[in-house]
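Structure first, commentary second.
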Amino acid sequence: MERTFIGDLSIANSRVRVCGWVQEIRRLKNILFIILRDSTGLCQLTIKGDMIEPWMDQIQRESVLCAEGENIKDGISKAGREVSVTSLELLNGARSPLPLAPFDPVKADIETRLNNRFLDLRRKDHLAIFRIKSSLLYGIRKFLHSQNFIEVQTPKVVASATEGGADLFAVKYFESNAYLNQSPQLYKEILISAGFERVFEVGPAFRAEKHNTTRHLNEFTSVDIEMGFSDHNDAMAVLEQAVSAGIANVLAERSLDLTAVGKAISLQKTPFPRISFSECCDILSGQGQDHNVEEDFSPEELKIIGDRFEGFYFITGWPSSLRPFYTMPDQKDPQFTNSFDLQYREKEITSGAQRVHDPELLKERFLAKGLNPEDFDFYIKAFEYGMPPHAGWGHPVIGLERLTMILLDLQNIRETSLFPRDRTRIKP
RNA sequence: GCCUCGGUAGUGUAGCGGCCUAUCAUACGGGCCUGUCGAGCCCGUGACACGGGUUCAAAUCCCGUCCGAGGCGCCA
């Protein structure tokens, strides 16, 4: 008999076969109730009197089984859906005790949850995070496609011989040493020279930073774009629209999951507010916190700045000392750059900028950052044979996981990664 | 890398020198109960991360190891 999804149970099908996981068992003298869960919902299985066999008393929670029986029209169960069982088949039992009981009233630590993620994700509010994340990304993808961006895949194993900023994970590559890429930056720029004009990439990025916070991961999903014949203002416009498109898609597709997570989100109108780095410094001075222009804002300072905004906003015009070599200096004042960060209150989401496209200036910038241009010959070469002015953005810190975290107001980035990689965790 | 805090039954916790052969909840096992639905009631099983030290006495204090959490820093 064909399986019916629990969510599809209706009066129309009175004989049904449902399959799923055992969420609860309630045993009375002459009646046995099993709350069965599949990906679409819950229903109650009712097994009466003679139908109860001894093995049924041994069924453990979270076991997988199928039941056939009559779909009761007016379910007496408060679960709404109820099947009066005529045959029950255990497909695969679950061991007891469970290392993590997803449906116990007691909440488990994040560590216990991550160690037993396959059980943790059986909760619909935990699964919902990933449905929302998927929907968010789909909305961003659809938007970028509509703007003629080409989705690309660039190498994650790279030969970068230097350590400019973030630490890289070293890997053996046959006879050579290689690294896991921390950003598709160099490759997406090369593709601009190649004439792609507009590219985007969604892929893993790796940072070997020994940070230990609730907002960093060592492996995350970066969403990056690069666009030719464009400047930082063009890139900001694409970014705010892409983020909005993602959120709009979540609102359109995932209202039930938002309810499950218990978070109401709304669409912020574009354009998002812009504030310059210098203006931020003025705000801090006004609060008696003079800020050194050579330094990034501390979490505390970002809180002060973020408090002035409802949600998303851009901080523009960052000092060149705080920005990577490929960032275009501001022609009016080269101490600053044509750059921006997208912020949500005190949290940084995305960094972007107009890029340097002149190979001579690029070499200068390498030297100014203490890097050897020769180590980047494959990259600079692409600038010497017709590189258009270009701009783009990407995720210097976290990316898709952080955006999901911010959107759902989650307290730990690890909630948004199925199998997070952090300072100490590489399993599961 | 720095700082702070912590590791007690399957899970989450109380206890913080002798009252601990360790609390409570939940889970698990058994019993009662034809309809429960956070089921209820009764009974039961189950734990002090590891090693060393102080003390008449250590879950409790000290040292080390391992594991973890949070904050800061780092974060082409």
Side-chain angles (χ1 to χ4, degrees), chain A residues 23-35 42-52 57-58 60-62 72 75-82 84 94-116 119-120 158 160 162-168 179 181-186 189 205-218 220 295-296 298-300 320-327 339 341 348 351 353 355-356 362 365-366 368-371 375-376 379 394-399 402 411-412 414 422-425:
Chain A
Q23 184 159 132
E24 289 176 58
I25 303 165
R26 278 188 287 274
R27 174 73 157 102
L28 283 75
K29 181 77 173 174
N30 286 311
I31 193 161
L32 174 62
F33 300 107
I34 295 174
I35 305 300
L42 299 174
C43 74
Q44 177 167 281
L45 305 178
T46 304
I47 304 150
K48 288 182 184 168
D50 295 347
M51 280 302 305
I52 302 173
D57 282 328
Q58 308 302 315
Q60 296 295 329
R61 292 190 302 171
E62 297 304 321
I72 296 174
I76 304 166
S77 166
K78 289 179 184 170
R81 308 182 187 99
E82 182 169 358
S84 184
R95 281 169 56 192
S96 175
L98 297 165
L100 164 74
F103 300 96
D104 271 11
V106 289
K107 293 203 313 280
D109 285 344
I110 185 91
E111 197 205 352
T112 307
R113 291 176 43 205
L114 294 176
N115 284 340
N116 301 283
L119 283 169
D120 183 52
V158 299
S160 177
T162 63
E163 306 252 334
D167 286 331
L168 307 176
Y179 300 90
N181 209 171
Q182 61 167 296
S183 157
Q185 183 62 32
L186 274 36
E189 286 192 74
F206 304 89
R207 298 284 161 89
E209 306 289 345
K210 293 182 178 178
H211 33 50
N212 184 205
T213 77
T214 51
R215 56 183 195 283
H216 291 87
L217 292 171
N218 294 289
F220 61 93
E295 280 176 20
D296 201 348
S298 69
E300 195 190 343
S320 48
S321 59
L322 296 178
R323 289 280 152 159
F325 59 82
Y326 52 74
T327 309
S339 60
D341 274 10
E348 178 190 3
S351 272
R355 321 298 192 186
V356 173
L362 192 58
R365 298 304 305 154
F366 272 118
K369 293 283 176 184
L371 298 170
D375 293 330
F376 296 87
Y379 169 68
H395 298 286
V397 198
I398 283 298
R402 186 172 284 186
Q411 299 311 305
N412 195 322
R414 281 163 264 235
D422 63 23
R423 176 71 186 85
T424 51
R425 178 178 293 279

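Residue numbers begin at 1 in each chain, while the letters A, B, ... track the order of the sequences.
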Which part of the nucleic acid, if any, lies within reach of [X] when heavy atoms closer than 4.0 Å are counted: base, sugar-phosphate only, or nothing?
X: A:Arg414; result: sugar-phosphate
X: A:Asn412; result: sugar-phosphate
X: A:Leu186; result: base
X: A:Glu111; result: sugar-phosphate

Show me the donor-acceptor pairs within less than 3.5 Å that the side chains of residues 103-110 of chain A make with the rest of the protein, sequence neighbours left out.
residue	atom	partner	partner atom	Å
A:Asp104	OD1	A:Arg61	NH1	2.9
A:Asp104	OD1	A:Arg61	NH2	3.4

Original post:
Out of B:G38, B:G12, B:G68, which nucleotide sits closest to the side chain of A:Pro105?
Top reply: B:G38
Original post:
Counting side-chain heavy atoms from CB outward, which of B:A69, B:C72, B:G1 is closest to A:Thr424?
Top reply: B:A69
**OP:** Could you run through RNA chain B and flag its stems, i.e. three or more consecutive Watson-Crick or G-U pairs with both distances under 3.5 Å?
**Re:** B:1-7 with B:66-72, B:10-12 with B:24-26, B:28-32 with B:40-44, B:49-53 with B:61-65
So, [X] side chain and [Y] main chain: donor-acceptor pair closer than 3.5 Å or not?
X: A:Arg207; Y: A:Leu217; value: no
X: A:Asn116; Y: A:Thr112; value: yes
X: A:Arg215; Y: A:Arg402; value: no

Original post:
Looking only at atom P, what distance separates B:G10 and B:A47, rounded to whole Å?
Top reply: 7 Å
Original post:
What residues, two or more places apart in sequence or in another chain, satisfy side-chain hydrogen bond (donor to acceptor under 3.5 Å, both in side chains) together with A:Arg423?
Top reply: none
Original post:
Can a donor-acceptor pair under 3.5 Å be found between the side-chain atoms of A:His211 and the base atoms of B:C74?
Top reply: no
**OP:** Determine whether any donor atom in the side chain of A:Glu209 lies under 3.5 Å from an acceptor atom in the base of B:G1, or the reverse, and answer yes or no.
**Re:** no
Give each protein N/O atom lying under 3.5 Å from an N/O atom of nucleotides 46-49 of chain B, with the pair distance.
none

**OP:** For this output row, return yes or no: ring centroids of A:Tyr379 and A:Tyr326 closer than 6.0 angstrom.
**Re:** no
Original post:
In terms of side-chain heavy atoms, does A:Glu82 have a donor or acceptor partner in A:Thr46 at a distance below 3.5 Å?
Top reply: yes
Subject >> Test item: side-chain donor near acceptor, A:Arg425 and A:Asn218, under 3.5 Å >> reply: no
Pick out the pairs of N or O atoms, protein on one side and nucleotides 29-34 of chain B on the other, that lie under 3.5 Å.
residue	atom	partner	partner atom	Å
B:G29	OP1	A:Gln60	NE2	3.1
B:C33	OP2	A:Lys29	NZ	3.1

Subject >> Nearest-nucleotide comparison on RNA chain B, the residue closer to the 5′ end among A:Ala108 and A:Asp422 >> reply: A:Ala108
Original post:
Closer to the 5' end of RNA chain B via nearest nucleotide, is it A:Arg423 or A:Arg113?
Top reply: A:Arg423
Subject >> Footprint string (nucleotides 3-10 of chain B, 5' to 3'): B base within contact, S backbone only, - free, heavy atoms under 4.0 Å >> reply: -------B
